[in-house]
Amino acid sequence: MSVEAPARPATPPPPPSGPSAGRRVGALLLRWWRRLTAMRTAIILLFLLALAAVPGSLLPQRSLSQNNVRQYFTDHPDLAPVLDDLYLFDVFSSPWFAAIYLLLFLSLIGCVLPRAAEHFRSLRTPPPPAPRNLLRLPDSGRLDSSLPPAAALDVVEEELRVRRFRVVRRETAGGPELSAEKGYLKETGNLLFHLSLLALLLGLAGGKMWGYEGSILVTEGQGFCNSFQQYDTYSSGPLVDSGDLSSMCVDLEQFRAEYEENLTASSFTADIRYGDPQGEERKTTIGVNEPLRIDGDRVYVTGHGFSPTFSVTLPDGTAFTDVATPFLPTDQRTLASEGALKLPDLGAGQDDQLAIEGFFAPTGLLQGGVLTSVDPRPLAPQVAIIAYQGYLGLDSGLPQSVYSLDRSQIERGRLTEVGAANLRVGESLDLPDGTQVTFTGYKEFAALQYSHDPGQLWVLAAAVALLGGLLGLLLLRRERVFARAGSAPDGSGTVLTIASLARGGGESGPRFTELSDELRAALTAAAPRTAPSDPEVPPRD
Amino acid sequence: MTDSSLAELSNTLFSVSVALYSAALVAYCAELAFGRRRRRAEELVGAETGQGGGVALADRPAAGTAAETPGANRWGVVALGVTVLGALTHAGVLLTRGLATDRLPWGNMYEFATAVVLVAVVAFVVFAVRSPNLRHIGVFMMAPVILSLVAIGLGLYTEAAPVVAALRSYWLAIHVTAAILGFGIFMVSGIASVLYLVRSRPGAEAGTGLVSRLPSPAALDRLAHRTAVFGFPIWTFAVIAGAIWAEAAWGRFWGWDPKETWSFVAWVVYAAYLHARTTAGWRGRPAAWVNVVGLAVMIFNLTFVNLVSTGLHSYAGVD
Ligand code: HEM
């Protein structure tokens, strides 16, 4: 269907009887579509996708580590903003990465769908007639038989059917002939492979759109519920409505880390209680390689550490007992950790806020007054703490880390150091105003991650189908065999011309020789009175 | 035997393998040297009959083996035998490691790379036994094998030790085994393509040097393609299995971690090689180049990504 555009006198004279503008645009679009869907284009796009992924592995990525990106900005203050403008710190969510991905998607659709239709048609049409001159085909030859032509072809047909060929017989001017084909599954595998690639891309995209992920550190005895406000960090797809998060709460009862003699960690497990806050609560144990899976959501243990506990007693007798805060490991081998305890609200009549910043060693060793950790197991826990009083700046509107103090408050003198000490469990630090800070022990914390990816199973199914298609495509052979029977020149018996065409799956020559040997044997067996004769194989050139 | 003496035995076997492979290398050289005489004889025959098809002759299995001088043949069989011995001690390296640590012996980069080279040697032996003509690439197989092993021994060596918690999963057996098989087979494929590129250079036919005694370009190309066809589904499976494991171990099945990114790049390059080989205009040398790039990406993914960049795949265990 095409619509003639009205003639436009103002345009320069068109080439004689040139197509209308509408048709020209149509033709142009069609040409672009053909170019986009050519297999060559798909391969180039695929290459581009691979190439585009490379900077994502060489430069720090926000999706992997915000800290490394910040570090890169400090190390390369001039270069980093330029790279940032090119989305080089967010390669995998950049517009240009998406552009390649979408073009590849279109290209695959354009090339796979027509092929699928054609394959479907070819499954229901018989193999094509034999070419006129069979001996032109690279794998071809002659077989003699004393049987009459039709009977000789019957033998060939029977042999091919046993080998699972689809066979049709035709009567032509040149004599009776036969076309046979097998290996349709190779093309089916090819299509399955390429369609799975499409399905996989769709699944990935769906997961990105509707998926989310939140992380939180939970100390033993505490818990969290699945909501973005509670997570320390989270990321979510553009189509996630924060009201739609599945309602689920998780409490950490106990965390255990086990070690080999040489202090290699051998297992991490967390005993948790979980469930819908309205529903019943269940218990389970999760660990490395063993997440909790519930209705498309998963809960993982991604790390662990210690939360030292402190009791603070104010001069007026107000006491805060066993307050725990996670200290972040700075050395994974010894679990030496750093963190801060902030007490912004010390109760009525207390203007000053209190903070303790410090270093925790599960197995401490004091060398020249400096505390270090020598073992990840909590054999002799110690802390080195500095206490501050003053204003923490929590309500200043600027976000600050839960795990460290805001340096600028200290620099501005709003937060002043009031004491420091190395403490063992049970030991205390007395501050000048009479406040007592006691190191009462430790709990373990687990870094938990809550994940929701609705595309995940879809992607898995597509990947399995992709592999299946690939195996079919690479390992199967598509093969056609043609045979034509003619009377021998001396009138006694038949000359059979046979030829085969193969695609994929190794060398065709030896297989053809094998097939013709077997056909010859079958022909001989069907006509036992005649002596076998050699096939004349014409020279190939 | 105690664990530490088993670990020591493993180290000894490693050196023995390198020594055996070196001996095999010498024998392959001898085979080629004796083959030179054979070639002259062939050329004479060629000139007499006016066919001049020395290469084609060598390529035809029946003619090729018949024309082999007994000397060359003997050296070839010795070389192959010593290679097999080397592969056995090489397997012993991994076996004793596994016994010493009571786990699969591919938990760190040293063990992984050692296993990859073993797969490459075994794949080569299988091909060389099935078509003796391919034995002639023995020198060019053994040289990179020996170099890789020396580099692995010097650069990647790690004491036998238990693995971290994340690696204690049956997915280690599935994912890493597949990656080792795929990588080892790609190594043979890549070497065949390099040799193909050398052999199919214009003028290589005429030479009398080492190069002209390689199998024909067609045979090398076939070897490269068949190994790549074999390796590609295995590599695909390795990547899929890795993603399934990552879903359980790291909380997401794909996160563009450097290792994941480069595995994807390698996968794409091999897919492109398989396509290129069946696409007009890319057949022959351009396709072979793509295959060589594929091997380069695999090696980069093993070395640079493990040793230089930081990612979740830090099982490398090299200090
Ligand atoms: C325009 C889109 C595409 C078309 C028309 C197409 C077509 C084909 C065809 C015809 C084959 C069989 C080759 C042969 O004749 O033996 C094939 C094989 C293959 N395709 Fe594609 N392809 C396309 C895109 C892709 C993409 C994007 C990939 C991504 C990895 C891919 C991966 C493969 C692989 C690995 C093979 C096996 C190669 C072989 O049999 O030698 N293809 N494809």
Side-chain angles (χ1 to χ4, degrees), chain A residues 39-40 42-44 46-47 49-51 53-54 56-58 60-61 63-65 68 91-92 204 207 211 213 215 257-258 260-262 264-268 287-291 293 298-302 449-451 453 456 459-460 463-464 466-467 470-471 473-475 503-507, chain B residues 159 161-171 222 225-226 228-230 232-233 236-237 239-241 243-245 247-262 264-269 271-272 274-276 278-279 281-282 290 297 301 304-305 308-312 317:
Chain A
M39 178 158 151
R40 179 173 299 234
I43 299 175
I44 290 176
L46 205 64
F47 250 130
L49 196 65
L51 209 61
V54 169
S57 79
L58 300 181
Q61 297 293 300
S63 59
L64 296 177
S65 164
N68 290 357
V91 165
F92 302 107
L204 273 175
E213 197 176 278
S215 307
E258 282 160 26
E260 299 283 347
E261 277 165 46
N262 71 349
T264 303
S266 62
S267 94
F268 301 122
V288 181
N289 284 315
E290 272 154 27
R293 296 174 195 279
R298 289 111 57 210
V299 183
Y300 296 91
V301 179
T302 58
Q449 176 184 312
Y450 195 98
S451 303
D453 181 346
Q456 176 163 303
V459 169
L460 178 63
V464 171
L466 180 144
L467 188 60
L470 187 65
L471 287 173
L473 149 72
L474 289 176
L475 303 182
R503 211 173 70 189
E507 303 309 296
Chain B
E159 294 290 336
V163 290
V164 298
L167 294 187
R168 300 182 185 206
S169 158
Y170 55 91
W171 285 105
R222 221 180 303 133
H225 182 243
R226 285 172 70 184
V229 162
F230 192 56
F232 189 67
T236 309
F237 176 74
V239 173
I240 294 174
I244 296 174
W245 191 4
E247 193 271 340
W250 298 334
R252 82 288 179 294
F253 64 87
W254 195 271
W256 296 108
D257 176 75
K259 180 67 77 181
E260 291 167 344
T261 305
W262 283 97
F264 168 75
V265 171
W267 189 80
V268 168
V269 173
L274 293 182
H275 268 95
T278 55
T279 306
W282 278 84
V290 177
V297 170
N301 196 8
F304 183 86
V305 172
V308 183
S309 56
T310 51
L312 291 163

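Below, chains carry the letters A, B, ... as their sequence lines are ordered, and counting in each starts from 1. Not measured: the values here are computed from a predicted model.
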> Tell me, do A:V288 and B:W250 make a side-chain contact under 4.5 Å, heavy atoms counted?
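The answer is no, as the side chains (C-beta and beyond) never meet within the 4.5 Å cut-off.
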> A:V301 versus chain B, heavy atoms under 4.5 Å apart: side chain, backbone, both or neither?
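A:V301 has no heavy atom closer than 4.5 Å to chain B.
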> Between A:S266 and chain B, which part of the residue has a heavy atom less than 4.5 Å away: side chain, backbone, both or neither?
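A:S266 touches chain B through backbone and side-chain heavy atoms alike.
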> Looking at B:R168 and A:E290, does any basic side-chain N land under 4.0 Å from a carboxylate oxygen?
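Looking at A:E290 together with B:R168, the answer is no, because their closest N to O distance does not fall below 4.0 Å.
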> Quiz question: by atom type and distance under 3.5 Å, do the side chains of A:N289 and B:W245 form a donor-acceptor pair?
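A donor-acceptor contact under 3.5 Å links the two side chains.
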> Checking B:W256 against A:S63: is there a side-chain donor and acceptor pair closer than 3.5 Å?
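Looking only at side-chain atoms, B:W256 and A:S63 do not form any donor-acceptor pair under 3.5 Å.
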> Heavy-atom count around B:F230 CZ within 6.0 Å, excluding the residue itself: above 12?
no
> What do the steps show when you test A:Q456 against B:W254 for side-chain contact (heavy atoms from CB on, under 4.5 Å), and what is the final call?
CA-CA 10 Å; A:Q456 176 163 303; B:W254 195 271; over 6 Å; no
> What closest approach, in Å, do B:P233 and A:L471 show between heavy atoms, and which atom pair accounts for it?
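Looks like CB-CD2, 3.6 Å.
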> For B:V163, is it the side chain, the backbone, both or neither that has a heavy atom under 4.5 Å from a heavy atom of chain A?
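For B:V163, the contact with chain A is made by the backbone alone.
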> Which bit of A:E213 comes within less than 4.5 Å of chain B, counting heavy atoms only: side chain, backbone, both or neither?
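Side chain only.
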> For residues A:A463 and B:I240, report the shortest heavy-atom separation together with the two atoms involved.
O-CD1, 3.4 Å
